Structures are given as structure tokens and as C-alpha cells.
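Residue numbers count from 1 along this sequence. Because the structure is predicted, anything quoted here is derived from the model rather than measured. In each ligand, atom 1 is the first atom listed, and ligand 1 is the first ligand listed.
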Amino acid sequence: MQESSKKEAKLIGIAMVVGLGLGLALYFSGYSDLVAYIKPIADIFIRLLKMVIVPLVFSSIFMAMINLGTPEALGAMGRKAVGYYFLTTVVAVLIGLIFVNIIQPGVGADLGGAGLQNLSEHMADKVSSQEGLFQTIIGVLVSAIPTNPVGSLATSEVLQIILFAMFFGVVALYHPKNSKPVVSIMRSVEHMSLALTHGVMKLAPLGIFVLMVDVMAKSGFDAIVSLSKYIVTVVAGLGCHALILLFIASWRAKKSPFQIIKDVAAPLLTAFSTSSSAATLPITMTAVEENLGVRRDTAKFVLPLGATINMDGTALYESVAAIFIAQAYGIDLSIGQQVVIFMTASLAAIGAAAIPGAGLITMSIVLGAVGLPLEGIGLILAVDRFLDMFRTTVNVFGDCVGTIVVDSMMPPESFKADSGEVEEDPVFT
Ligand code: ASP
């Protein structure tokens, strides 16, 4: 791990703790409004991160394709990645179901908050118009194919960008002579995007500090206390899943768990404070490529895909939340219904966007599948932003571990010698 990354992760950690303290102080002293004066710093930080996503993802996937050398190698990597996503998501949901059935946080819960009235108009519309599971999953698959790649780039449709970069990469492989200028431009774009990410990272401690102050100052501590049993269930389940992931990572990477945590500390802390796997993606990519010791081409391919469709934390959260709502309403769920929740929560997480609050919207698929009242979402709304921080961290950790696992399963001959190494740039590092 590079010295600069270590220093960065340490600074981010300190910024987070200080931000947390200041945010709570503002909340309890009644000065939460003051956050408005510093909030633009956090907005600038998130916008800068988002600015890097499109060039970074497009050029990385394209170059991964070129370096892998054959569509077959990409196929082998894709199958391993999807297998890993599937297995870990299923384990996450199972853990959620076990914890919520043992702790039973919803039994005797106050139904006062039930209803969609507290959701913003935009969210309430989205929740009520959420399609069923089949349509959602088919919708994700069909809409992954871009009709206008420039439009996809313009609107940051990550799945569409991934697919187009893959197609473009395959074509480039089969037409090496004609694609030579594009390949060299893409290599350049990739290196520049990584360098740009390093530049944006310089703002991370400040951005994360402000994000933490903001979240804590508006935390709604009363809601957190009154839903504490539910929060403990979600966080304990996520913690248990993270431990399993850590064990897998340490085994496959042959590194100590502490070293793994140090290596990915920056993306995990960023995920925690931004609640967005997508916004964290540039930081995840640089940390994994530079610290974890996996081959760059694995990271380039597995991370953008994982950030979009692999969400262990969200899947676990949705299973706990659905059963919590059933318990609160006094609805007894049969084993059959719990199996339906198990399946829908696993799949609904795929349909969730990698942005704050997305898991709450796809919750309606899970609730609808077993006939639970949509209004139950109102019960958990007050603490959703708070829990989003934890589930997004686990989502991002799951993507990092996925890269380690897939990389450890790829034979060395799958990679061409030239993997487009990124040179250290004196301006940004
Ligand atoms: N915020 C989560 C993410 O970006 C998605 C969710 O709401 O669960 O990974």
C-alpha cells in the first residue's frame, strides 16, 4: 500500500470522526441550520466524483477488454463475477432473515409512522409506481442495451456504458489495425481519469467531514432511538456479513484482515459518508487497483459491474425491513412467504440504483410480492438515510472482495503482458 494512500485513509477517518462529533453537537444545540453554510463543499466533492465516473468507467472497461485479449476471457471473468455476486447476495439475505427472525424488532413497534405521507412527492411516486419483480429485472436487462451510446454517456447510465464499452472493445480486438488510434486514446483517457481521481481525492477528507456533519446534524436522533431494535438488527446483520466477506478476502488474497481493511479504508469511508456506490466508484477503483494487489484488468471490469448490480447490503436490508414491517403490522408470514422475500430481496437489490435511498424504492417489490402494505415504508423512512450509510459500505466492500475472489480464480494466461500500467503522475500523486 502506498504511503500517500495510507495518509489519505487516515485523514478521511479523522475527518469522519470529527464531523460526526460536530454534527451531533449542532443537532443537540439546535444549530443544525448552520450546516447550510458548509454543505456546498460536500456537494462540490460529490459532483467532482461523479464527474470522473463516465470517462473512467468507459475507458477502464474498454481497456480491460483490450488487455484480456479475447471475448472468451471476458466471458470467463464475467461468469465468475456473476457467480460471486449471486452467492454472496444469497448469503446476505439469509443472514438478514436469521437476524430479524431471532431479534424480532418489529413486534410491538409503534405503527404511528406508517404511511407514504412523509415521503417526498418524488419518492412516493416512485414507490407506488415501482413495477413487479419480473418487469424490474427484465427492465434492467433490456435497458442495459443503449440505443444511443452518447446519450448513455451524457446521462451517466453506468450499465449501458459498461455494455457499450464491452462491445466496442470486442470490435477493437477483431480490428486491431483500424482501432489502434482509439485504443491509444482510450489508454490515455483511462490514465488521465485515474490521475483526476487522485486529484479529487485530495478533497475527500474535507468533503467527508462536511457530509458527516450534515448527516448527524439532521439525524433525527429521536427516530434513531425509537427504532433502535430495528437498527441493531440491520447493523448486526450487515456486520456479520461483512465479517464473512472479510474472511473470504483474507483467505483469497493471503493477507491479514487488518491489511485488507487498511487497503480499502478510503472507499469504505467514502461509501459510508456519501451513501452512494456510484459516487464512490472512482475511489474504489483507485484503492483496489493500487492497494489490493489484484490485477488491474480484473478490477477495471469487476468493480463498475459490481457497483451497479452487486448489492449485498441492500439485499440484506430489504429482507430485514420487509419482515420488520410484517411484524409491526402483526402479520404472520408463512415459510413460503419468507422464501418469496428471500428471492425477491436478492433480486430487487440488482434493480436498485447505486445512489442514496435507492434501496427504499425497490423495497416496494419485496413488500408487494408477499402482499405487505406499502405504507409500511413510512415506518422505516426516518432512519433510512442513516442505515443507507451502513448498507452502502457493505455494498462497496462486497465489490472489493469480489475483485479479489475473481482475480484469484483467473489463470495468469488470461491476461496479456501489457496491462496498461498507470504511471505515477507527479502532478496528482
Ligand atoms: N445507497 C445504496 C448504494 O448506493 C443503494 C441503496 O439505497 O441501498 O449502494
Side-chain angles (χ1 to χ4, degrees), residues 42 45-47 49-50 52-53 57 85 88-89 92-93 95-96 119-120 122-123 126-127 130 136 140 156-159 162 208 211-212 214-215 230-231 233-235 237-238 241-242 245 264 267-285 287-288 302-322 324-325 341 344-367 377 380-403:
F45 173 57
I46 292 192
R47 290 182 79 96
L49 281 175
K50 289 185 174 169
V52 195
I53 294 174
V57 169
Y85 298 156
T88 48
T89 304
V93 177
I95 292 174
L119 267 70
S120 66
H122 173 69
M123 279 281 262
K126 283 203 148 182
V127 166
Q130 172 71 54
T136 304
V140 169
S156 300
E157 288 290 343
V158 177
L159 215 48
I162 292 175
I208 286 172
L211 279 166
M212 287 314 293
D214 184 47
V215 171
Y230 166 65
I231 291 174
T233 312
V234 175
V235 175
L238 289 172
H241 186 67
L245 290 176
V264 295
L268 296 192
L269 295 172
T270 311
F272 187 76
S273 46
T274 60
S275 290
S276 168
S277 310
T280 310
L281 184 58
I283 295 182
T284 317
M285 288 182 78
V288 170
V302 176
L303 286 175
L305 193 64
T308 326
I309 62 173
N310 179 43
M311 299 202 181
D312 295 357
T314 302
L316 185 151
Y317 166 80
E318 296 199 354
S319 66
V320 173
F324 169 81
I325 290 169
I341 291 185
T344 46
S346 307
L347 295 170
I350 300 174
I355 55 170
L360 197 70
I361 296 168
T362 52
M363 260 303 298
S364 49
I365 300 178
V366 185
L367 297 178
I377 287 182
I380 52 172
L381 180 68
V383 292
D384 185 70
R385 177 67 180 86
F386 181 67
L387 289 175
D388 201 358
M389 307 199 303
F390 293 90
R391 62 183 194 251
T392 307
T393 309
V394 173
N395 288 345
V396 171
F397 190 44
D399 299 336
C400 298
V401 178
T403 317

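Between the side chains of Tyr317 and Asp384, a donor-acceptor pair is found at a separation under 3.5 Å.
When hydrogens are left out, the protein atom nearest atom 2 (C) of ligand 1 is Thr392 OG1, 3.3 Å; that is the closest non-hydrogen contact. Of all protein heavy atoms, the one closest to atom 7 (O) of ligand 1 is Gly359 N, 2.7 Å. Nearest to atom 9 (O) of ligand 1 among the protein's heavy atoms is Ser277 OG, 2.4 Å.
Relative ring orientation between Phe272 and Phe390 is described as perpendicular, the plane-to-plane angle rising above 60° on a 0-90° scale split at 30° and 60°.
Near Ala353, the atoms of ligand 1 lying under 4.0 angstrom from a non-hydrogen atom of the residue are 5 (C). Atoms of ligand 1 lying under 4.0 Å from at least one heavy atom of Thr314, given by number and element, are 5 (C), 6 (C), 8 (O). Counting the atoms of ligand 1 from 1 in the order shown, those under 4.0 Å from a heavy atom of Ser276 are 4 (O). The distance from ligand 1 to the heavy atoms of Ser275 drops below 4.0 Å at these ligand atoms: 1 (N), 4 (O).
Residue contacts with ligand 1, taken as heavy atom pairs separated by less than 4.0 Å, do not involve Ala349 at all. When heavy-atom distances to ligand 1 are checked against a 4.0 Å cut-off, Ile355 comes that close only through its backbone atoms N, CA, C and O.
Taking 4.5 Å as the limit, every side-chain heavy atom of Val288 sits out of range of all side-chain heavy atoms of Asp399.
A side chain to side chain contact (heavy atoms under 4.5 Å, CB included) with Leu316 holds for exactly one of Thr89, Val394, Leu238; it is Leu238.
Here's the thing with Ala358: one of its N/O atoms is less than 3.5 angstrom from an N/O atom of ligand 1. Ligand 1 has an N or O atom lying under 3.5 Å from an N or O atom of Ala354, backbone or side chain.
Contact analysis puts Gly357 in contact with ligand 1, with a non-hydrogen atom separation below 4.0 angstrom.
Once rounded to the nearest 0.5 Å, the distance linking CD1 of Ile350 with OG1 of Thr362 reads 10.5 Å.
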